[in-house]
2 protein chains.
Amino acid sequence: MAARDLQERIKKLILDRRLASGAPLPTEPELMEHLGASRNSVREALKALQAMGIVEIRHGFGTYVGPMSLAPMIEGLAFRTVAGHSRGEDSLLQLLELREAVETGLVSRLAGRMPEADLVELDALVDRMEEQAARGAGLAETDRAFHATLYRGLDNVLLCEVLEAFWDAFHRVRTDLGGEPQDPKVTCRQHREILDAVRSGDAMRAEEAIREHFGNIRARLSTTAPQAPHTRHNERV
Amino acid sequence: MAARDLQERIKKLILDRRLASGAPLPTEPELMEHLGASRNSVREALKALQAMGIVEIRHGFGTYVGPMSLAPMIEGLAFRTVAGHSRGEDSLLQLLELREAVETGLVSRLAGRMPEADLVELDALVDRMEEQAARGAGLAETDRAFHATLYRGLDNVLLCEVLEAFWDAFHRVRTDLGGEPQDPKVTCRQHREILDAVRSGDAMRAEEAIREHFGNIRARLSTTAPQAPHTRHNERV
DNA sequence: TAGCTCAGTTGGTTAGAGCAGCTGACTCTT
DNA sequence: AAGAGTCAGCTGCTCTAACCAACTGAGCTA
């Protein structure tokens, strides 16, 4: 009766006191008294809130209002995808398609509307990508930065965070599953093409560039991942 | 040292045993033995996993593998939005823009590609919406169903769930904040227009219809929500 | 046979004790 | 007097042990 309630009451406490991210929460004993619950129950509620990113706990230091990032969503998405994959579903492909669908839809609104500063930054990122490809280094982080910078032009922090979360979840799962990275040279060329298309203001071409980029990733996926132990749909029921 | 680990080990247990959603997990005493931890620690780990939707706990019955839905994401998004709003940010508007950006991007791929069966279903939903509007009933649920059915044509379960999650979070926050519902008649007309556009296969018109629909919601938002109690940014620091 | 009761299982809650990480003030050395 | 080491005190972390509450199913009763 109390547990579900405790979480709500702690959330309410945060809202009522207008606590911003990073602000300190009452200590466990204080919460016990304030909420009239035992230490254990308070801790379980805090653990749940921590899992949702609402609260941040630092051992020996205190409890604080969390960064409210989408990190927990990444966690959940990644696990869901791994679990689905290990049961023979094409969950990783679905995650990739989700990214493709959203990004193709968004990139067309960007075409010709990017501030010059962002375009320059993207140029630098692709340059770095080529440099990394040349010396055989991984370019995952740079790829992430490219996509993040690209959609920054939409001027919606939440939207950017969501896209980054999708990227993170996908990347995490792909590496966990031991997927092969794609050909660095091809990846570089495709990013360059995306950037050129956006700069030129040709929405259709930008969309096509994104689609091709994802098509490449998808191709790599199907050569390694879809080990089909029992791919039959409707395994049960 | 143990706590963060316990969650991982329980997740690993689920993966190793290929447990599907709804499958029973070991009882708390069994987990205590298997993980070599106290009941308390096990419970805290389970609570965190429950918050992430990975596990489902039923009092007096047992613990089960969760539905892996995006419900926790809704929770987190909603709280984040409410918290931001109460601190004077336009977080609710950002959430709406996120939906608009994604849906406008997606609806164009649907134009002309919807199976007739889905179109008929959408017809029925708009009919119901008009009937509800006529007798003054709320049409939130029908609106939700409309959007859900619309994007079912994309044949990506994950994508649909994400969009529904966004809808839920937005709707929850808007009602929590006491926002006024929009004019039912206008809403009906706009949904009819979206449907007609998709049926006709005119991608541009479909996009425009979606945009107009969201524009309507946004207008309603700005007349009621942005009560600015202390809208000054940088209230502290 | 239909319904009830009760014992057993499962998770929920409380209590109290001790462990572990961090901070800041105090003390001892240089 | 300045610096480094120590220690007391906060903080959250883990464990044990007991009891409460929800649900199930077997057995009893009508």
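Naming convention: chains lettered A, B, ... in sequence-line order (proteins, then strands); numbering from 1 in each chain. Hydrogens, waters and symmetry mates play no part in the numbers below; they use all other heavy atoms, side chains included.
Residue A:Ile57 contributes atom CD1, which lies 10 Å from atom P of D:dT14 at whole-angstrom precision. Here the C1' atom of nucleotide D:dT11 and the CD atom of A:Glu56 are 15 Å apart, to the nearest Å. As rounded to whole Å, 14 Å separates atom P of D:dG12 from atom CG of A:Leu49. Atom C1' of nucleotide D:dA22 and atom NE2 of B:His59 are separated by 4 Å, given to the nearest angstrom. Distance B:Tyr64 OH to D:dA22 P: 17 Å, rounded to the nearest Å. In this entry the distance linking CZ of A:Arg58 with P of D:dG12 reads 12 Å, nearest Å.
For CG of A:Asp127, the number of neighbouring non-hydrogen atoms (other residues, nucleotides, ligands) closer than 6.0 Å is greater than 12. Within 6.0 Å of atom CG in A:Asp155, 12 or fewer heavy atoms from other residues, nucleotides or ligands are found, so the atom counts as exposed in its surroundings.
The side-chain contact (heavy atoms from CB on, under 4.5 Å) with A:Val173 is formed by just one residue from the set A:Thr175, A:Leu177, A:Asp176; it is A:Leu177.
Within the 3.5 Å criterion, the main-chain N or O of B:Leu158 finds a donor-acceptor partner in the side chain of A:Gln94.
B:Arg152 and B:Glu164 are not joined by a salt bridge, as no carboxylate oxygen comes within less than 4.0 angstrom of a charged side-chain nitrogen. With salt bridges taken as basic N to acidic carboxylate O contacts below 4.0 Å, none links B:Glu44 and B:Arg39. Between A:Arg135 and A:Glu131, at least one side-chain N (NZ, or NE/NH1/NH2) sits under 4.0 Å from a carboxylate O, which counts as a salt bridge. Ion pair A:Arg172/A:Glu75 flagged as a salt bridge, since at least one NZ, NE, NH1 or NH2 atom sits closer than 4.0 Å to an Asp/Glu carboxylate oxygen.
Secondary structure note: stems in DNA chain C built from 3 or more consecutive Watson-Crick or G-U wobble pairs under 3.5 Å occupy C:1-30 with D:1-30.
Remark: A:Thr63 is in phosphate contact with D:dG12, judged by side-chain N or O atoms under 4.0 Å from OP1 or OP2.
Taken residue by residue, residues 27-48 of chain A places heavy atoms nearer than 4.0 Å to DNA chain D at A:Thr27, A:Glu28, A:Pro29, A:Arg39, A:Arg43.
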